[in-house]
Amino acid sequence: MARILITSALPYINGIKHLGNLVGSQLPADLYARYCRARGHEVVFICATDEHGTPAELAAAKAGQPVAEYCKQMHAIQTDLAHGFRLSFDHYGRSSSARNYALTQHLAARLGQAGLIEEVSEEQVYSPTDGRFLPDRYIEGTCPNCGYERARGDQCENCTKQLDPTDLINPRSAVSGATDLEVRATRHLFLRQSTLRDTLDRWIDSQTSWPVLTTSIAKKWLHDGDGLQDRGITRDLDWGVPAQFDGAPWQGMEGKVFYVWFDAPIEYIAATAEWADANGLDDAAWQRWWRTDMGAGDVRYVQFMGKDNVPFHTLSFPATLIGSGEPWKLVDYIKSFNYLNYDGGQFSTSLGRGVFMDQALELLPADYWRWWLLSHAPENSDAEFTWENFQTSVNKDLADVLGNLVSRVTKFCRSKFGETVPEGGQTGPRELELMNVLAGHLASYETRMEAIEVRKSAQSLRAMWVAGNEYLQEAAPWSTFKTDPDQAAAQIRLALNLIRVYAIVARPFIPDTSVRIMAALASDDWSWPDDLAAALDILPAGHGFTVPDVLFAKITEDQRTEWEARFAGGTDQSGQRG
RNA sequence: GGGCCUGUAGCUCAAUUGGUUAGAGCAGAGCGCUCAUAACGCUUUGGUUGGGGGUUCGAGUCCCUCCGGGCCUACCA
């Protein structure tokens, strides 16, 4: 039994996430957490909403709410959706928690004392009308290069030229349209992560088994151009962790807060503390997961994230922890994902293009989405969601291969023997062969799950289901029943036990369906089938069961074409979606 | 512009890291079965591995080049 700490990248607070966000971090993290628990490991699975930053303030303003109120509401909505998708977080925290304020300020102070924080004077664009500094991205104007009128302060989307806000012709605020912009001097704190470059480089080099996607992004940032750059970790905003606090080793940072990418990863730790608080545990309960001097030495820490988050998790956050000089637990494995596209393009919030978490659950139960998304996870390259692919995969894998198997086994038994596991007969070479095949698939399933190879794990799982259909076809209890009912009884007894094993091993992918199968079989023994032969003998002759309702209704052509049209986008139907 | 990833059957993806005849699922074709959600099983048709060149006894895999797709490029997160 191992101790495994799992975190999913924090979803940003400003709206409901789409399926691409879901499959990029939270869903595979949940798969792994559920698998580890099923194998008997001690797991803490942590996620939280990332609530600070300009977009949150703007979204709140748009909704006409105070930002704190807005975030509270959106956190509740995201919590509901997480439950809806059966994401089994031990704690779903908030980066605006008191725990995170305290820990962020603590780590900042440590970094300051270690000489790793530097004050830098900068000039930034200020909008008197909006009453705030504007990040480059929130300044629009005419591109000096191509004349595009809606170029942003950081880059022109039309000609892709990199810009400074001061390059723009007729600059205006993207927030209000105000044109009375001025450049003001402001002071900020910078994390001197460049001084840790060699340490980080060696650390990355020592991670030989990380996905290429993870290490190549880290290497790029470490070595590109002049190498790893220091990074501003404060912003001129109201909403966030105050950068000036009691015990701060600097002065004059009033009115500034820490940049979200400084405080957001720290929330992984803080949320674990929130978890302890919520469960009436003491500090030692969370410290034994995070402090190598307090018991975290044997913890395996695995992070899940989309590729856009990799730089912060491979460089800035480790720099924060290492630079503090305190014995914090560093990540052992970073599983990163590419993007999921929607039917030939990107998911688009503003265009209402694609499927969002709330909409998905209105159409179909969570297991449909979990299965498709995980079995098509964008591990090696960007992947694409199409309704046609979704329909055929779900109908074939879930309805035909698994659902129908459960149906044919339970219904056959009911009609020939009644709703009781039948007795009599014995197993023979055919059953032995089935067990050998199953053992092979189960072993590969376990290997792949432990390596967090999501798609391949799904393939192995499916192969186990297929083996059940093959066995049934060959054994043909509907034939043997006519000549040798005892043999048919033995065959169907094995088949009933088989679907019980399927429920157990499939649970990380399709938890609700697994629960339904186990309920129908009147079993609550979820122990992992380490001994397959024993596991296939758990339901004894005479054990009662019921025939479950259809596990997976098929997606019809009508449904598919309707959904295709509804989610094609073109009109802004995003509502409060971000 | 620079960097990284990627291109394999009609579609979605594999290929033990350079090693026999490039494999699965779906779709297509044929046969079988009738317990089951018109489900299941068996057999089978599809590939000059984007093009060209090179290294090697041997290349999908390594090198060069051209073509296509994607991502990142540091103040959106």
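Proteins come first, then strands; the chains are lettered A, B, ... in the order of their sequence lines, and each starts at number 1.
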- prompt: What form does the base of B/U17 take, syn (within 90° of 0) or anti?
  reply: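 Here the answer is syn: the torsion falls within 90° of 0.
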- prompt: For A/D397 and A/L551, take the nucleotide of RNA chain B holding the closest heavy atom to each; which residue's nucleotide lies nearer the 5' end?
  reply: A/D397
statement: Result for 5'-nearest mapping on RNA chain B, choosing between A/Q193 and A/D308, is A/Q193
Between [X] ([atom1]) and [N] ([atom2]), how many Å, whole number?
{"X": "A/E384", "N": "B/C11", "atom1": "CD", "atom2": "C1'", "result": "11 Å"}
{"X": "A/R560", "N": "B/C26", "atom1": "CZ", "atom2": "P", "result": "18 Å"}
{"X": "A/K219", "N": "B/G2", "atom1": "NZ", "atom2": "C1'", "result": "19 Å"}
{"X": "A/L340", "N": "B/C13", "atom1": "CG", "atom2": "P", "result": "10 Å"}
{"X": "A/Q391", "N": "B/A27", "atom1": "CD", "atom2": "P", "result": "11 Å"}
{"X": "A/W221", "N": "B/U73", "atom1": "CH2", "atom2": "C1'", "result": "8 Å"}
{"X": "A/N389", "N": "B/C11", "atom1": "CG", "atom2": "P", "result": "13 Å"}
{"X": "A/R197", "N": "B/A74", "atom1": "CZ", "atom2": "C1'", "result": "15 Å"}

Ring centers of A/F417, A/F481 separated by less than 6.0 Å: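 For A/F417 and A/F481, the ring centres are under 6.0 Å apart.
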message: Stacking between A/F412 and B/C35, defined as ring centres under 5.5 angstrom apart with planes under 30°, is that present or not?
response: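 Not stacked: fails the 5.5 Å / 30° test.
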message: What's A/K456 touching, base or sugar-phosphate or nothing? Going by heavy atoms closer than 4.0 Å.
response: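 It contacts sugar-phosphate atoms only.
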- request: Look at A/R370 together with A/D512 and state whether they make a salt bridge at an N to O cut-off of under 4.0 Å.
  value: no
query: Do A/E388 side-chain and B/C26 base share a donor-acceptor contact under 3.5 Å?
result: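 Check fails, no donor-acceptor contact within cut-off.
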